[in-house]
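These notes concern the structure reproduced below.
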Amino acid sequence: MFDDRYTLAYKRYPYQKSADQDAAKPVRHKVVVMGGGPIGVATALDLGRQGIETLVLDDHEGVGMGSRAICFSKRCLEIADRYGAGKPMVEKGVVWNLGKVFHRDRKVFEFNLLPEEGHEFPAFINLQQPYFESYMLDRFEELQANGAPIEVRGKNRVENVTVHDDHVEIGILTPDGPYKIEAEWLIGCDGASSPLREMLGYEFTGKVFQDSFLIADIKMKNNDFPTERWFWFDPSHGEGASTLLHRQPDDVWRVDFQIGWDVDRKEEMKEENIRRRLDAFLGEGVEYDMVWSSIYTFQCKRMDSFRHGRVFFAGDSAHQVSPFGARGANSGMQDVDNLGWKLGLVINGKAPDSLLDTYDNERIHGADENILNSTRSTDFITPKSDMSKLFRDAVLDLSEQYTFARPLVNSGRLSVPCTYDGSPLNSPDAMMEPKRSRPGSPCPDAPLGDGFLLPQLADRFTLLTINAEAPESFEEEGINVTRLALSTEDDPTGALKERYLGDNDSAIYLIRPDQHVAARRPNFDENIFRAAVRRAIGKE
Amino acid sequence: MTDTLTLTPNIDSPDDFYAELIATHDGLSKDDSDALNARLVLVLANHIGNREILSQALAAAALKQE
Ligand SMILES: Cc1cc2nc3c(=O)[nH]c(=O)nc-3n(C[C@H](O)[C@H](O)[C@H](O)COP(=O)(O)OP(=O)(O)OC[C@H]3O[C@@H](n4cnc5c(N)ncnc54)[C@H](O)[C@@H]3O)c2cc1C
């Protein structure tokens, strides 16, 4: 009666009967997270670090087999680092900078990503999703051991939900039968096919792409394949409309074949057939073991609203994108980053409930940007009309000889964090530049002496002053703002100047707990910064 | 007025240009000609570069009345 829907890579939270199951009346919890995938676990890390009681319910007992996500972006790693899980990811992950683009049977060009210097984290890493999730669960257990009020319950399947004005009633099925609990807040992190969305009858609208992809993760035995990303458009060998190859840790390579819409899944998934494709693609003499394979189709969809009273949606349950550009887990982590501090302030009575509506507002902005980018990549990789294919091929043919056409080649755009332009939490920009750190932007990292800037900005409201005077701290409406005083002397590489000063001699930034800029000015003005704090917590 | 698309005569020796354009397609199949035209559009678009002008050019080519 309690079957797993997928195989586990790591059993991490075996079912244990909870006292709640024998309680005479449903036990009330502060925050319940439905789903213990990467986004649900991250949510518990964010809230748990703030001391907020959070219970994660998952209908499995650990991390699912098979690496769906493999590319994790800088912003995602920075957020994971704020939670204390980023460093092991980077240690294990693979960084690549060289990419090659092929069209039919020939290489048209190669490129070096040349990532910007002066950031603690690389532009992105390749890492199997099960590792990503495990490192976060390691951190979860560590926090728990240190007394953080977080808990995860395996084989606890949420079966029904009733929403009331001041709480949510949750019906759960376990191997020992059903029980009920209550939550003041419920966060649905239950994945793309979100049962919660279904139970509450919310729509998930957008575009379904009529194509499917066969992924094979293979472990190379005797090959020194380079650490590069290879993307084939219309390969004349290996029978895929497009094929992508890149490296993951442990000598595992991801091969993605675009195989069309009308496929016999069962037939395609037979090992002999997968090997036939792989052999044609990799050429003679390459030996490998199959690690994992799967066929997936994709869609670009989102909910109309990510907040419904006491219920929130985050991660794939709220929005789904095509995998090109690696925006799924990366944007889900940004959801958590955005919701965590807001919910914390509201629960602690420091901000009005309306602050939570800005989660919806800001993250829909982010989701739309991701959907736009991944739809464009998809349209380039799988052109939808003859004319679109004609131009796509023209771009590829030109790019072999002329560099001008290369920026038009779109085999997936690297996920970059979204700037919350126009957010109601931003104060008017009182500096014209640098543009990249205008209000709403995620703070760019910069080297400081032997460390980096971002870790110093985490988890609280910070007043970053560069070559400017300001009080060491001040309090506004119960919010403590702490100064981080820097000057040109702390900036040996000039990155701080380039990223935060531009041509200004001085600057003061009000930075939110999620490391996004709320306000900035060349110098301190108490009234203006106090107003900016009120605005950033939804009180203006 | 740098951001306005030129829609008045601007090509030196128009007859020569036109003949060269047609000659470039001589002997090509329909598919190859289509591909060449697509490449030509991209080459010219890159030369222009200016997004505003390009949008005006797309609208002009669609014979959209202002
Ligand atoms: C082929 C492929 C490649 C991808 N590549 C990338 C990439 O390179 N980079 C990237 O960022 N993203 C990528 N993604 C997307 C990424 O995998 C997802 O965005 C990510 O897993 C979403 O995490 P989540 O926690 O929101 O949902 P999920 O990982 O789907 O987790 C949902 C959890 O909820 C649980 N659950 C479901 N129903 C219930 C219930 N009723 N009760 C209790 N628990 C329940 C499930 O068991 C599961 O543990 C890729 C996806 C695919 C398919």
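Residue numbering restarts at 1 for every chain, and letters A, B, ... go by the order of the sequence lines. Just so it is clear, the structure is predicted and the values come from calculations on it, not from any experiment. The figures that follow rest on heavy atoms only: side chains count, while hydrogens, waters and symmetry mates do not.
- With a 6.0 Å radius and a threshold of 12 heavy atoms from other residues, nucleotides or ligands, Asp503(A) has its CG atom at or below the threshold.
- In plain terms, the two heavy atoms of Ala394(A) and Ala35(B) that are nearest each other are CB-O, 4.4 Å.
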Check residues 12-23 of chain B and write down every donor-acceptor pair under 3.5 Å in which the side-chain atom is one partner and the other belongs to a residue at least two apart or another chain.
none

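- Around NZ of Lys435(A), the count of heavy atoms belonging to other residues, nucleotides or ligands within 6.0 Å does not exceed 12.
- For residues 395-412 of chain A, the interface with chain B (any heavy-atom pair closer than 4.5 Å) comprises Val395(A), Asp397(A), Leu398(A), Phe404(A), Leu408(A), sorted by residue number.
- Remark: Arg51(B) CZ is loosely packed, at most 12 non-hydrogen atoms of other residues, nucleotides or ligands lying under 6.0 Å away.
- For a residue to count as touching a neighbouring chain, one of its non-hydrogen atoms must lie under 4.5 Å from one of that chain's; by this rule Val43(B) touches chain A with backbone and side chain alike.
- Within 6.0 Å of CG on Asn112(A) lie more than 12 heavy atoms contributed by other residues, nucleotides or ligands.
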